[in-house]
Amino acid sequence: MSVRVRYAPSPTGLQHIGGVRTALFNYFFAKANGGSFILRIEDTDRERYSDESLQDLYDTLNWLGVQWDEGPGKGEYGPYVQSERFDLYQEYAQKLLDEGKAYYCFCTAERLEQVREEQKKTKSKQQGYDRHCRDLDPAEALKRREAGEPCVIRLKVPMDGKTTFHDEVMGDITRKNSDVSPDPVILKTDGFPTYHLANVIDDHLMGITHIMRAQEWIPSGPLHVILYEAFGWTPPKYCHLPLVMGKDGSKLSKRHGSTSLVDFRKAGYLPEAIINYVSLLGWSFDDSREFFSREDLEELFSMEKINKAPAVFDYRKLEWFNGQYIRQRSKDSLMALLLPILQADGVVSDPMTDDEASILDGAFPLVHERLKFLNDVSEMIRFLFREIDSWNADDALPRKIEMAQMPSILDAGAALLDGFDERSQEENEQAFKDKAEEMGLKLGQIMQPVRVAVTGTKSSPPLFESIGLLGKDKAIARINGLKGQIEATL
RNA sequence: GUCUCCAUCGUCUAGGGGUUAGGACACCGGGUUUUCAUCCCGGCAACAGGGGUUCGAUUCCCCUUGGAGAUGCCA
């Protein structure tokens, strides 16, 4: 039987690292086994549902290059949106009702709240619902329901015995039935199913062979098995993925930093960096290899190498991957990403002028080696396209130099640029060295003021290349500009 | 509280009854270099603790400790 796995997100928020990790693992597992990856939308929470979340889901998967074999509007097992399967759930819930495996419950939210309070206060061992309506006479209950009294349907969880399910990663997991959530709601007042019901029905009907999801679902594993048994179905295989944690060891969330994929996208991360890094959260290949493209993973991913312990999300390593992948990108493909950023930041015009295009072309190699995030590009090369309004004189001031010496150093720098175009890179460097020596300075003590004057910052792409791109006249003008600014303060 | 799960460098991990416990990020040092990066070289750094089993445990078992997750008409 061929592998069929699914990613079944709830469109109630932006796609985040945890969800994407689950999606990716499912996707890779399907691909590596010649199976199908199914996308199912679990939009049963009508309160929290949002169209934006749904759009974000599609955007994110597309950005990552993850394509689903079946999903909304595509495939034989549809519909793949749970709200469109509404009637199906009624039907199956009714079946459980008819067989005495589920029951109507008329308890109000207030009563439930009270029960919970009481349990908390008395430190009762019994947790959750007190099964108040479990033994209502079914005929009586039906009458009340038909009279319009709001109600839910709850599953009758066996009160003794135990339930075991096998997890491909964890091994056997057993829970006493008395410890399983006591009679959870499977159909809500609004007629929509809860996760447990919808999930089990859909996974069964869609022929899902492996359920790969985060470990936070382990506790409801036995409950789901009980549901499968109630329907007389065989549960699929389970594979619970280790949780992704923040630095403090709790489940990764917004307070740990950016977690949504849009954030990463906006911050200038490359999809290949995210894919590579995330694939290594709870999975590994061997003792040395750590670079994997999406295509590699589609081939190499294996369930056996998933590990059990939770993984802390390390932003620094992701950054490092991002830098690596930026350097791996071809000029064209990186430019295609950089140009819109430069335009949005007003560094170059839209469309670019010929001048800008040629400067940018020359600046590319400089930037390629230096970029960690795509978005850093604007700050890095703005000075090549836009004038500098004012300088930070302290930045320009080298160690062991007085501000009063700066005008003469800057003059020397400007003078050196006079013959800049006629000299080679090496000759220019030599000229600066000679001049520095002549003035009793170290090379850096003349380079730094000039660098800050020309680029506006202490750290910049190589100075001579920058001046070459900018044009020596502009460079000289900036040097004089900084000099003027300093003189005004002396 | 209760239930379940987990436990190798700070982090991601490899390994597995006998290894100098390997790699990567981060960090520190050095080299290249006009700054910043890149790049190269080197270093620091781990089997949570206690019991077993065994000739021998980091590896297998148990306990303790620590951590996490779940305990919703959210998924």
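Order of the sequence lines fixes the chain letters, A, B, ..., with proteins taken first and strands second; residue numbering starts at 1 for each chain.
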Query raised in the report: Quick check: are there more than 12 heavy atoms from other residues, nucleotides or ligands sitting under 6.0 Å from CG of A/D286?
Result: yes

Query - Pairing nucleotide - B/G72, Watson-Crick or G-U, each distance under 3.5 Å - result: none

Query raised in the report: Nearest to the side chain of A/A311 - B/C12, B/C73, B/A14?
Result: B/C12

Query - Proximity to the side chain of A/R316 - top-ranked nucleotide from B/G69, B/A26, B/C5 - result: B/A26

Requested in this report: Quick one: do A/Q55 and A/E52 satisfy side chain to side chain contact (heavy atoms under 4.5 Å, CB included)? Show the steps, please.
Outcome: CA-CA 5 Å; A/Q55 190 53 50; A/E52 298 76 55; 5.6 Å; no

Query - Closest to side chain of A/D314, choosing from B/C25, B/U33, B/C6 - result: B/C25

Report summary line: In whole angstroms, the gap separating P of B/C12 from CD1 of A/I306 amounts to 17 Å

Requested in this report: Identify which nucleotide among B/A37, B/C3, B/C74 has an atom closest to any side-chain atom of A/R48, counting heavy atoms from C-beta outward.
Outcome: B/C74

Query raised in the report: Hey, does A/T174 reach any base, or is it just sugar-phosphate, or nothing, if we go heavy atoms under 4.0 Å?
Result: sugar-phosphate

Query raised in the report: Can you find a side chain N or O atom of A/K317 that sits less than 4.0 Å from OP1 or OP2 on B/A24?
Result: no

Query raised in the report: So does A/T44 get a side-chain nitrogen or oxygen closer than 4.0 Å to the phosphate oxygens (OP1/OP2) of B/A75?
Result: yes

Query raised in the report: In whole Å, what separates the P atom of B/C6 from that of B/U13?
Result: 15 Å

Report summary line: The residue, A/L463 or A/W217, whose nearest nucleotide of RNA chain B is more 5′ is A/L463

Query raised in the report: Taking atom C1' of B/C9 as reference, at what distance in whole Å does atom CG of A/D287 sit?
Result: 16 Å

Query raised in the report: Reckon A/L281 touches a base, only the sugar-phosphate, or nothing at all at heavy-atom distances under 4.0 Å?
Result: sugar-phosphate

Query raised in the report: If you look at every strand shown and take non-hydrogen atoms under 4.0 Å, does A/S10 touch a base, only sugar-phosphate, or nothing?
Result: sugar-phosphate

Report task. From the options B/C73, B/C6, B/U33, select the nucleotide whose nearest atom is closest to the side chain of A/T189. Result -> B/C73

Query raised in the report: So what does A/M245 hit on the nucleic acid, given a heavy-atom distance under 4.0 Å: a base, only sugar-phosphate, or nothing?
Result: sugar-phosphate

Query raised in the report: What nucleic acid atoms does A/K308 come within less than 4.0 Å of, heavy atoms only: base, sugar-phosphate, or nothing?
Result: sugar-phosphate

Query raised in the report: Looking at the side chain of A/K305, which of B/A26, B/G15, B/U34 is the nearest nucleotide?
Result: B/G15

Report task. Quick one: label A/Q324 by what it contacts on the DNA or RNA (base, sugar-phosphate, nothing), any heavy atom closer than 4.0 Å. Result -> sugar-phosphate

Requested in this report: Provide the distance between the two C1' atoms, one in B/C47 and one in B/U19, to the nearest whole Å.
Outcome: 13 Å

Report task. Nearest-nucleotide wise, let me know which of A/Q127 and A/G444 is further upstream toward the 5' end of RNA chain B. Result -> A/Q127

Requested in this report: Take atom C1' in B/A21 and the same atom in B/G15, then report the distance between them in whole Å.
Outcome: 8 Å

Query raised in the report: Do A/T194 and B/C73 share a donor-acceptor pair, side chain to base, under 3.5 Å?
Result: no

Query raised in the report: Just wondering, do A/Y195 and A/H224 contact through their side chains at under 4.5 Å, heavy atoms?
Result: yes

Report summary line: Considering only heavy side-chain atoms of A/V152, the closest of B/U11, B/U38, B/C73 is B/C73

Query raised in the report: What does A/S284 touch in the nucleic acid at a heavy-atom separation under 4.0 angstrom: a base, only the sugar-phosphate, or nothing?
Result: sugar-phosphate

Report task. Would you classify A/N307 as touching base, sugar-phosphate or nothing, given that sugar-phosphate means primed atoms plus P, OP1 and OP2, and contacts are heavy atoms under 4.0 Å? Result -> sugar-phosphate

Query raised in the report: Are OP1 or OP2 of B/A70 and a side-chain N or O of A/K251 less than 4.0 angstrom apart?
Result: yes

Query raised in the report: What's the closest nucleotide to the A/E216 side chain, out of B/G69, B/U38, B/C6?
Result: B/G69

Requested in this report: Would you kindly say whether A/D172 and A/T164 are connected by a side-chain donor-acceptor distance under 3.5 Å?
Outcome: no

Query raised in the report: Which nucleotide, B/C5, B/U34, B/G69, lies nearest any side-chain atom of A/I173?
Result: B/C5

Query raised in the report: CG of A/L280 versus P of B/A24: gap in Å, rounded?
Result: 13 Å

**Report entry** Minimum-distance nucleotide to A/L112 side chain [options: B/G22, B/U38, B/C73]
**Finding:** B/C73

Query raised in the report: Are A/K247 and B/G10 close enough that a side-chain N or O sits under 4.0 Å from OP1 or OP2?
Result: no

Query raised in the report: How far does the P atom of B/U2 sit from the matching atom of B/C61, given to the nearest Å?
Result: 25 Å

Requested in this report: Would you mind reporting whether A/S460 and A/R370 have side-chain heavy atoms less than 4.5 Å apart?
Outcome: no

Query raised in the report: What distance do A/E290 atom CD and A/S279 atom OG have between them, rounded to the nearest 0.5 Å?
Result: 10.0 Å

Requested in this report: Check whether NZ of the Lys or CZ of the Arg A/R329 lies under 6.0 Å from the centre of the six-membered ring of A/Y325 and within 45 degrees of that ring's axis.
Outcome: no

Requested in this report: Confirm from the modelled atom types if A/R451 and B/U34 form a donor-acceptor pair under 3.5 Å, side chain to base only.
Outcome: yes

Query raised in the report: Between the base of B/C36 and the side chain of A/R370, is there any donor-acceptor pair under 3.5 Å?
Result: yes

